[in-house]
Participant: 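Dumping the structure here so I can ask a few things about it.
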Amino acid sequence: MKNHAITLEDRYCAHNYEPLPVVLSSGKGIWLWDQDGKRYMDMMSAYSAVSFGHSHPALVAALSKQASQLAVVSRAFYSDQLGPFLQLLCEMTGMPKALPMNSGAEAVETAIKAARKWGHKVKGIADQTAEIIVCRGNFAGRTTTIVGFSSEDQYRDGFGPFSGGFVSVPFGDAAALEAAITPRTAAFLVEPIQGEAGIIVPPEGYLAKCREICDRHNVLLICDEVQTGLGRTGRLLASDHDGIKPDGLILGKALGGGLLPVSAFLAREDLMAVFTPGDHGSTFGGNPLSAAVGHAALRLLREEKLADNAQRMGERLLTGLRAIPHPAIRQVRGKGLLIGMDLDPSFISAREFCERLMQQGILSKDTHDTVVRFAPPLIITANDIDAALEAIKHTFSSLLTPPAHLTERSYA
Ligand SMILES: *Cc1c(COP(=O)(O)O)cnc(C)c1O
């Protein structure tokens with residue numbers, strides 16, 4: 001008989017996800033518990049939103065204090081929370097201005113609007129003709145404009161007509177970016193590491209080359225760090241690995257401390273200056289509750305040096321995964337605690353692997369059929385990494401031996 005919670009969700013919720021068959025009811029740190037009290041290690045972190053672990057006491061305290069003080073007033077008024085939050089956000093990221101939103105997709109939409117208006121009003125591109133270059137394999141959310149520039153058929157199928165003004169180039173190919181730039185190009189929008197595409201790491205120095213190309217052509221470099229930002233890859237920003245600063249920066253996911261949706265578009269002064277009162281907004285964006293939690297999350301990130309921990313623990317996990325001698329593993333890649341393990345589907349699908357991992361007490365999720373994502377909260381310890389590696393090894397050891405055709409191919 002099906003679990004009641006699953007039955008209800010299946011009955012009443014839109015079927016736009018395909019969850020693993022586990023019903024979670026509590027969480028603490030890197031751990032999650034299901035209804036029967038079985039414990040799981042969270043290797044998913046809600047698509048990298050739960051960097052601080054579940055129910056972090058400092059964040060829960062900030063949330064409940066602010067919730068009982070003042071939660072939502074809209075930006076029709078000033079609040080005593082928004083300024084201090086954005087001051088710390090700007091100081092930590094080195095960006096002069098921030099525009100607070102809620103979801104990642106909204107912050108990406110904000111970046112697109114800023115880039116187009118800057119293109120038309122500052123760069124001098126003829127109105128309605130500005131173009132934004134994006135990368136194939138991108139993921140930037142699910143609004144109609146955003147799925148319109150996706151290269152994934154499923155994300156687009158049936159949802160058009162789409163907005164024009166986007167040009168795609170291969171990810172990781174700086175020469176292709178330069179070749180695609182025209183006088184109409186306002187911006188290049190890029191993820192430093194493509195998360196949803198399957199944790200795709202570009203060649204060393206790619207972003208630095210893109211920076212140089214964008215400078216040469218007066219094109220804005222906008223980094224979508226909704227997933228890679230805030231310590232996830234072992235540096236505060238993934239663009240820090242290349243030592244560059246983008247003109248526009250998009251943050252989300254972990255910015256809400258794993259408690260609330262909080263996102264932001266950050267930009268250099270002349271780019272953010274295109275917005276004047278009435279141009280853009282959000283009822284909930286920058287509300288005192290989000291600001292208080294976002295502020296507490298940033299302080300925690302800095303005080304606990306979580307980017308450094310992500311660097312060290314990521315190294316340990318990557319090394320451990322790469323040392324598993326199983327022929328089903330095609331590649332293990334990633335930076336910091338954003339790691340993807342690409343499996344040969346003739347052994348097992350990533351989905352089935354995740355279901356087996358779940359039985360071993362590890363929760364993760366497949367992306368793109370063949371990739372298993374490992375992205376635990378950044379607070380994870382070496383002991384927990386080692387325990388995860390043991391469970392992963394155990395899952396591999398229970399896998400059947402390779403099918404005959406594969407063994408043959410390997411001798412060919
Ligand atoms: C998740 C994600 C988004 C969208 O964020 P939502 O909060 O789901 O709208 C945008 N960009 C990247 C790189 C993401 O990983």
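Indexing begins at 1, ligand by ligand and atom by atom, following the structure's order.
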Participant: Using only heavy-atom distances, determine whether the side chains of H280 and K113 contain a donor-acceptor pair under 3.5 Å.
Facilitator: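 Short answer, yes.
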Participant: Quick check: do L88 and R302 have side-chain heavy atoms less than 4.5 Å from each other?
Facilitator: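 With C-beta onward as the side chain, the pair touches.
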Participant: Would you say the side-chain atoms of E352 pair up with the backbone N or O of S349, donor to acceptor, closer than 3.5 Å?
Facilitator: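 It does not hold such a pair.
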Participant: What's the separation between atom CG in L318 and atom CE in M341, rounded to the nearest 0.5 Å?
Facilitator: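 If we round to the nearest 0.5 Å, L318:CG and M341:CE are 11.5 Å apart.
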Participant: I need the contact residues for ligand 1: any residue with a non-hydrogen atom closer than 4.0 Å to the ligand, ordered by chain then number.
Facilitator: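 Heavy-atom contacts below 4.0 Å: S103, G104, A105, F139, A140, G141, E191, D224, V226, Q227, K253.
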Participant: Quiz question: by atom type and distance under 3.5 Å, do the side chains of N383 and T381 form a donor-acceptor pair?
Facilitator: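 Distance-only check fails for N383 and T381.
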Participant: Testing K335, E225, H241 for side chain to side chain donor-acceptor pair (under 3.5 Å) with T233, which one passes?
Facilitator: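 Single pass found, and it is H241.
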